[in-house]
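We name chains A, B, ... by the order of the sequence lines, and we start the count at 1 in each one. Below, each value reflects all heavy atoms present in this structure, side chains not excepted, and no hydrogens, waters or symmetry copies.
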There are 4 protein chains.
Amino acid sequence: MSDLKKIFEEIGQLVQSIRDGALASYIPELANVNPQQFAMAVVTVDGECVSFGDDQSLFTLQSTSKPFTYGLALEEHGEAFVHSRIGVEPSGEAFNSIIELEKKTHRPFNPMINSGAIAVANMIQDKANIQREQRVLNLFSELAGRKLDYNREVFSSEKKTAHRNRAIAHLLRHFEVIGDDIEESLDLYFKQCSINANVKDLAAMAATLANSGVQPLTQKRIYKEENITRMISLMFTCGMYDSAGTWAYTVGIPAKSGVSGALFGVVPGKMGIACFSPLIDGHGHSLRGVCAIREFAKKMGLNIFK
Amino acid sequence: MSDLKKIFEEIGQLVQSIRDGALASYIPELANVNPQQFAMAVVTVDGECVSFGDDQSLFTLQSTSKPFTYGLALEEHGEAFVHSRIGVEPSGEAFNSIIELEKKTHRPFNPMINSGAIAVANMIQDKANIQREQRVLNLFSELAGRKLDYNREVFSSEKKTAHRNRAIAHLLRHFEVIGDDIEESLDLYFKQCSINANVKDLAAMAATLANSGVQPLTQKRIYKEENITRMISLMFTCGMYDSAGTWAYTVGIPAKSGVSGALFGVVPGKMGIACFSPLIDGHGHSLRGVCAIREFAKKMGLNIFK
Amino acid sequence: MSDLKKIFEEIGQLVQSIRDGALASYIPELANVNPQQFAMAVVTVDGECVSFGDDQSLFTLQSTSKPFTYGLALEEHGEAFVHSRIGVEPSGEAFNSIIELEKKTHRPFNPMINSGAIAVANMIQDKANIQREQRVLNLFSELAGRKLDYNREVFSSEKKTAHRNRAIAHLLRHFEVIGDDIEESLDLYFKQCSINANVKDLAAMAATLANSGVQPLTQKRIYKEENITRMISLMFTCGMYDSAGTWAYTVGIPAKSGVSGALFGVVPGKMGIACFSPLIDGHGHSLRGVCAIREFAKKMGLNIFK
Amino acid sequence: MSDLKKIFEEIGQLVQSIRDGALASYIPELANVNPQQFAMAVVTVDGECVSFGDDQSLFTLQSTSKPFTYGLALEEHGEAFVHSRIGVEPSGEAFNSIIELEKKTHRPFNPMINSGAIAVANMIQDKANIQREQRVLNLFSELAGRKLDYNREVFSSEKKTAHRNRAIAHLLRHFEVIGDDIEESLDLYFKQCSINANVKDLAAMAATLANSGVQPLTQKRIYKEENITRMISLMFTCGMYDSAGTWAYTVGIPAKSGVSGALFGVVPGKMGIACFSPLIDGHGHSLRGVCAIREFAKKMGLNIFK
């Protein structure tokens, strides 16, 4: 593990020179962060944790939350139901593509893009007297291994300005992918995106996927093994939007990014890796984060096709 | 004018054999009409009126209202302002295309499609203590030459089920084509679509355009002459959606259709023509109406390129 | 007619200030012209001709030839046959759009875009011992009222570099819009595009359309009246590519442009107007030509919807 | 290995009931085969070979040849050069999509679709007095571990009818992705597609990729290890065209299909799997082949994310 520390330091040096990119501007609250932050962490399936840089900084999960709520929908409703409403094909579209639904079926292409994730949120129901919002917060707390909360400022900032996501939700309603609880589904979606975590939390979530669904620090099983396969398959083909092919080609591990600058990768059977650095590129990925995970995967030989 | 009666009778015979098409289903209330109705009317620029068939039947204007509110926006704000937010190019898309905005400018393609018409509705403001909804109702009453009202059942049916139009409005808000009064703009749009008229009313509206903006029965000027040119230009290139080219090629007069089965054409300097017959084709045009106006234009030699 | 001279001079002054645009670069030979040239001409249906500027300069017709060969195909095969292979809808695409065919029918959208014009060329056959290339040259000579020839340098320059048009032709063959005489059809198309004319010739061609098919100088009937309606209808909706809507809205007369900087308009029953000025905009239209015809139409009140 | 025999037999039973699909019709010669054929084979990295069914039947490789010539281009020119002309992103388009190039770069999306494979063929050059066609034939012979030849009837059938591929090649020339040797590049592409092989040959080719580039029967190194990673990465994200996501989700191994009914998968470090059964679905994949490899992967637990 001391090797990891050293590798992190080298990568930390390397990414210093990356000063391009911009803060996500479309959620006003996201623009209020120190853009030069950089953090990296690994949690292994054995429960070891190594971190580097601004590893205490909190960020909102944004789209990195999508694979996890998708998994929750699988657990709750089974694959057949979930995929009667959402596809499994990459859309070939940018993260900020307006509103793309499969032309024949009028379903979202996959659960990793906004339309798919809103459809997933719509599936999560209250259960055993626990409201669905609390259920989602509980899920992410279990994944992190500690109690998380959501960022009320980001939530309300997102809720106020999310005209595109609201358009998507109404279109999903039009095609009967979701029901009449449009605002409730959007609220749940905005809340999952607004959950505050640090880079070690995100690495622990990733490690749960690497560990076949069992959180490696608490040893609690969160997902069935078969659902893990589904989650990381879709991360691999769809998680990085219209640069998924480039990511698969150059890095070769299932990953998911969020516009807050969060990015995580899963190395099945080995570890979860997470980065946080808020300056993002035109695809919506953290510039330093992409570089850091690519270098880390290269140095450690993590490409799944290698 | 007795010739017109005879031509209408011949056309009335001819369209009897057309029994294809379907009632518009996406506004539930629209499906509650007698599908076999057929009505036709002409109002000349001299104020003569000839009608045929179910000429007392009321129908809602639906998209046939679009050119008229577009004209109102021109009168109120001037061309430069209106077209800073809405384009003048055909979209090449079907009437029920999801949500198409110009790719570079993110504006609606033109005021004849839903997105453009919602953007137009957003521009109409209260004025001199008259609320915008009343202003629009007044406009159509003046165009018809008699007091019109809107159909409350259709309005509330449309308001409840218009998930796609609501999606469009939120997307327009996202791109800052419209402001925060989203629901108010939609309400106004649904109301203009829900105005009840008969075929003679619609022919009188059309005749107002044919008569350079002066209503031929009341002699009241409703639009400036220069705005009439704009309105009928856009009807010609964009009024019939993705069959605009076929219509221009085979009929050759500016026209606009609505999913209620309303259809009207403008012969500048001569007359307005209107039809009503509720069975519509895949483009959203009245099947009998299209046939009737095409035959009428042929018999009367009305093609503007002839 | 002395008024026309004066209007031309004013417009000639006005367009002096337009210095944007570029020479068409994709046919190397087209780049070898004096970019500052400007010429304008009108031929009335009574056979009067007024011209201005570089009215002796020869240019190649390029896409301005398309309506005329389309008319020849109509004369030769009738409307039904021609439009079994080519549509009548605007494509909504730029002049240099790759290769767009109607999605359902796999036909060219209309005869005014390259794919449609190549399909038209494919229809022109040898007849009565006159080869098809000679027939086309004869047609344009009759339209101009004097013997024209084609520019061999431009023809062979175009033939050598026309990879996109060759791609289109093979795709048309794939969808069985054209037969196996792919190269012959392309040759014919390149030849019609390479015909040399001056601005008075082009105005005379346009005046033939304005005069219902009878060349106004020679009084020879070239097209049937009913085919003229078809030709100018399609020029109106499709002749200016993806700015057809803007042209119809701001100018309002049927027109066609070519990348050599040629541009002509038809005022039915009145006159043909032509311009030549080689600097073109991103739509492929002569910048000075567009301005000149727009101003001319405004001063003379030629908008067909006015 | 006796287990494999048994599994093959079970799968052979299972696929008997699949009787949908059609023979590829667009290459006339491909329609002359017995549609009920079914064959399956595995070659392990240790050089063991098990086969089943019509394992002596020859079929043409068609698109299953694409990963292998792509690898040859990588070996010959290096990654940087190859991917200056061809991308690495899935196109989201069907196997028979007309002609899709990346919009910004005008390059083929990836080497697994026709445009990319033609661009690859264009890169293969004569070398050391061996003509490029012979080089390609040598490559596939080495991959199979025995001398292969190409099917002259299929080659000339394809050459005669390949209007779409010819259109693609001219478009690639237009965008300067390939040079002037258009016909030569197409000939090479048609030849690689026309190579005759049986299911054991194809399994041996696949096993070479599974074995990091060393043919497991002859022990000859054919590709560098780093190029193998590239080849199977692109097979995984792009090899199954617009059903690549579904394949990754349900099967989870890199694969490639051809319209002759050939299909192969690679299990890195373990084995190559091949199927042949000529009835194909709308994506161009062998119906029985898809079912067979999916079942085989499930029974053997081969999903890379498992």
- Query: Is it true that atom CD of B/E79 has more than 12 heavy atoms of other residues, nucleotides or ligands lying nearer than 6.0 Å?
  - Reply: yes
Paired with C/F236, the ring-ring contact (aromatic ring centres under 6.0 Å, His included) test is passed by just one of B/Y249, B/W247, B/F236, namely B/F236
When the 4.5 angstrom heavy-atom criterion is applied to C/T250 and chain B, the contacting part is neither
Taken to the nearest 0.5 Å, the spacing of C/I232 CD1 from B/N303 CG works out to 8.0 Å
Answer yes or no: does atom CD of B/Q219 have more than 12 heavy-atom neighbours from other residues, nucleotides or ligands under 6.0 Å? yes
Between B/P90 and C/G245, the two heavy atoms sitting closest are CD-CA, 4.0 Å
- Item | CD (C/E10) with more than 12 external heavy atoms under 6.0 Å | yes
Highest number of heavy-atom pairs under 4.5 Å with chain C among B/S243, B/G269, B/A248 belongs to B/S243
If one checks every heavy atom of C/S233 against chain B at 4.5 Å, the contacting part turns out to be both
Between B/I304 and C/F305 the two heavy atoms that sit nearest each other are CD1-CE2, 3.7 Å
If you tally heavy-atom pairs under 4.5 Å between each of C/T237, C/L234, C/V266, C/T229 and chain B, the highest tally belongs to C/T229
